Amino acid sequence: MTKFANVYVDISYDKLDKVFQYRIPEGMEVFPGLEVIVPFGMGNKPTKGIVTGITDSCDFDESKIKAIDSIASGSIVIESKLIALAAYIKETCGGTMNEALRAVLPVTKEVKRKISTEVVRKVSSDELSDYIRECNRKKSTAKARLAAELLSSDSLDKEAVTGKLHISPATLNAMVRDGVIDIVSKEVYRDPVKGNAEKTRDIVLNKQQEQVVNDFLDDYNRGQRGVYLIHGVTGSGKTEVYMSIIEEVIKQGKQVIFLIPEIALTFQMVKRFKGRFGNRVSILNSRMSAGERYDQYLRSKEGDIDIIIGPRSALFTPFANLGLIIMDEEHEGSYKSEKTPKYHTRNVAIKRGQMEGAAVILGSATPSLETTKMAEDGLVKRYFLNERAGKGEMPDIYVADLKEEIKAKNRSIFSRKLKELMEDRLAKGEQIMLFLNRRGYAGFVSCRSCGHVMKCPHCDVSLNYHKNGTLMCHYCGYTEKMPEKCPECGSPYIAAFGLGTEKVEEFVKKEFPSARTLRMDADTTAGKDGHEKILSAFANGEADILIGTQMIVKGHDFEKVSLVGILAADLSLFANDYLASEKTFQLLVQASGRAGRGRYKGDVVVQTYHPEHYCVEAAAKSDYFKFYDREMLFRRLSGYPPYVHLLAVVALGKKEDETENGSNKLYEAVKDTEGVRCGKAVWAAVAKINDIYRRVIYIRSEDMERLIEVKNRLEAFARDERELRNVSVQFDFDPRAGY
Ligand code: ADP
Ligand code: ZN
Ligand code: ZN
């Protein structure tokens, strides 16, 4: 019987996003996930596509349907499960099916396997000894040399033989003829996780940890596969809990995906995991070569590894029998894709877990408000770990009011308290981390004398500075002129704030000339091993002070760090998005968590212009729920997630007027939709990037389904509407930053 294939045609033309049906020629073996070449369009141009399904019947006139040309060479098959996941992403996040497929495919092409050639011994040790004696008699010293090497090992790498041992190819050939060796070539996997595993210490889980492990495994062994949250303070032993659970899950023949927020954290995590699980662990990320990625993809499929560690794209590892997905530091913003489709890893992980019967564990010291709300609503089972597990206690936290420092004529970037503690630690030979919060620093305007921040009178977010001298709210479009004096205290020192890590290093060198410093930021970590080098150097005690941005606050465990200085806690507090307080709170708590993880008691100094802000107060007391309650109140009163869902519709165009008109059309098309609240189209904060103009519409609803309907309607509208011909429309559900 003739069969038909649904094919997504891979054309880089957004507006056409449909499956096309093709006839499967007699004898051709076609299945979902396969890449094929099909004739496409009027000219029947050979075009690549991905098979998404097979059917027995044809939806069109069968005589007119075209047949698949051929199977694309070197294509790898994606599981139909991953295609289903791509369809879910497309439906809930927007964008085309092709974009969704590209997101779930960490690797799209087959890469030639690496070949390793070895010299293998073919005879017994006794025979080889006889052979060596004979070679020595005949003065064949090269032969004797290699044979002697082979006495102690059965095979040698050919490169080492011709290189280090200076054995010529002619000698090798002669020895093959003598019948003592063979030359064997085989395909090997590239190993992206070379290097040493951490020695495993025998850790006995404490009571709290053990309870979590036991309770989870009780559920698991009963076949229950839900979503779990481990809310544990920094250093409470979450990773040890994960590892104990993983050990049990892989014993049952299942595989595990372990997600980390960014590549920089891979190194430390892999070392720990390798110590415990050996070569059954691998990694997958975008910094690896295509060959390395392909090999890990293949090894996962072939059941050669049990655990894959990586940032969000590792979620799409093609494991056949996935048992568990762990998402460490689940609150991190990097779990949201910034490219279309703008999916959140948490949602997709939960979906994949449901589809494949895998449990999902979210872990954090500062869970996102969404996740805590899900726990409070009973949708997520939550565990708490309240104390540090290993050595070390929670640090003492001091808040330094920068307004007081100015009054006291302290012109340094270091408060008196921080300076005093830095001197103390340098004298004792302990280590210091200085953290500069630069997130969201671009744009907001504050007074250097009193700390006043210019805010929107309607939205409770800070106004953004625009080059033409105006201040603007990016949620409602309110604008005013940049003031010449602070409206609060009259000081003329009101400006957009800015302080870089390089500047901080200069200040350190000036005030502490003998201190050795390391700087970790985007400049110093370029290149493949940039992060590792700096982190290893600091761990080895090659510097006294590590200076960095958010990169240094996450996950690292440095024994000798006993002081953390947070130079300007508020820099992200008044950024132009509703998540500003949440992000700041998380950063402050995570940064504090770096202090006192070892033998030395830790101190943290939080420098701020706003010691009374609930976010700073709660962080200084490490009081998550004080922050949570207060922040949820704000979200509820002002209508932000997680109380409602927020959809940003972004219109992009090359011409200013076309973009403006187009976005207004979009607004007109949905403004009266029942069950949603629609803001007017406004210019984005950065109204033009790379000569592309950007307009944005914010739409709110309690009901996600409604917003998805609105998205579908706008997608269709944008395809058909003449005035949107030259405007592309992107969707961002529950955006992590303001547009
Ligand atoms: P988290 O992931 O919550 O930050 P980790 O699992 O990294 O915590 O643990 C922090 C430190 O405490 C690590 O050095 C770890 O080896 C140690 N640790 C964890 N659990 C125990 C335990 N039960 N006994 C002793 N040390 C522990
Ligand atoms: Zn002022
Ligand atoms: Zn506003």
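Treat the numbers as computed from the prediction; the structure is a model and nothing was measured. For ligands, and for the atoms within them, numbers begin at 1 and follow the listed sequence.
Scanning the protein for heavy atoms near atom 13 (C) of ligand 1, the closest one is Asp557 OD2, 3.8 Å. Closest to atom 20 (N) of ligand 1 among all protein heavy atoms lies Gln209 NE2, 3.0 Å. The single protein non-hydrogen atom nearest to atom 1 (P) of ligand 1 is Lys238 N, 3.6 Å, given as residue, atom name and distance. Distance from atom 12 (O) of ligand 1 to its nearest protein heavy atom, with residue and atom name: Gly390 N, 3.5 Å. Closest to atom 4 (O) of ligand 1 among all protein heavy atoms lies Gly235 N, 3.0 Å. Ranking the protein heavy atoms by distance from atom 16 (O) of ligand 1 puts Arg201 NH2, 3.1 Å first. Shortest contact from atom 22 (C) of ligand 1 to any protein heavy atom: Ile203 CG2, 3.4 Å.
Scanning both residues, Glu240 and Arg276, for their nearest heavy atoms gives OE1-NH1, 3.8 Å. The heavy-atom pair separating Glu582 from Ser368 by the smallest distance is OE2-CA, 3.3 Å.
Every atom of ligand 1 with a heavy atom of Gly237 under 4.0 Å away is listed here by number and element: 1 (P), 3 (O), 5 (P), 6 (O), 8 (O), 9 (O), 19 (C). Proximity to Glu240 (heavy-atom distance under 4.0 Å) selects the following atoms of ligand 1: 6 (O), 16 (O), 19 (C), 20 (N). Close contacts of ligand 1 with Leu205, meaning ligand atoms under 4.0 Å from a residue heavy atom, involve 23 (N).
Contacts between Asp328 and ligand 1 below 4.0 angstrom, taking non-hydrogen atoms only, are absent altogether. With a 4.0 Å heavy-atom cut-off, ligand 1 is reached by no atom of Arg388.
Of the polar atoms of Thr234, none of the N or O atoms is found under 3.5 Å from an N or O of ligand 1, judged by distance alone.
Within the structure, the closest approach of Gly232 to ligand 1 does not fall below 4.0 Å when heavy atoms are considered. The shell of residues lying under 4.0 angstrom from ligand 1, judged by heavy atoms, includes Arg272.
The closest non-hydrogen atom to atom 24 (N) of ligand 1, taken over Thr239, Val204, Asn206, comes from Val204.
Atom NZ of Lys238 and atom CD of Gln209 lie 10.5 Å apart (nearest 0.5 Å). Atom CD1 of Ile246 is separated from atom CZ of Phe273 by 4.0 Å, given to the nearest 0.5 angstrom.
Both tests hold for Arg636 against Tyr643: distance to the six-membered ring centre under 6.0 Å, angle to the ring axis within 45°. Arg594 forms no cation-pi arrangement with Phe558, by the criterion of a distance under 6.0 Å to the ring centre and an angle within 45° of the ring axis.
Counting heavy atoms of neighbouring residues, nucleotides and ligands inside a 6.0 Å radius, atom NZ of Lys428 exceeds 12 of them. Open room surrounds CD on Glu387; 12 or fewer heavy atoms of other groups in view lie less than 6.0 Å from it.
Test Phe258, Tyr228, Tyr383 against Tyr242 for ring pair (Phe, Tyr, Trp, His ring centres under 6.0 Å) and you get one pass: Phe258.
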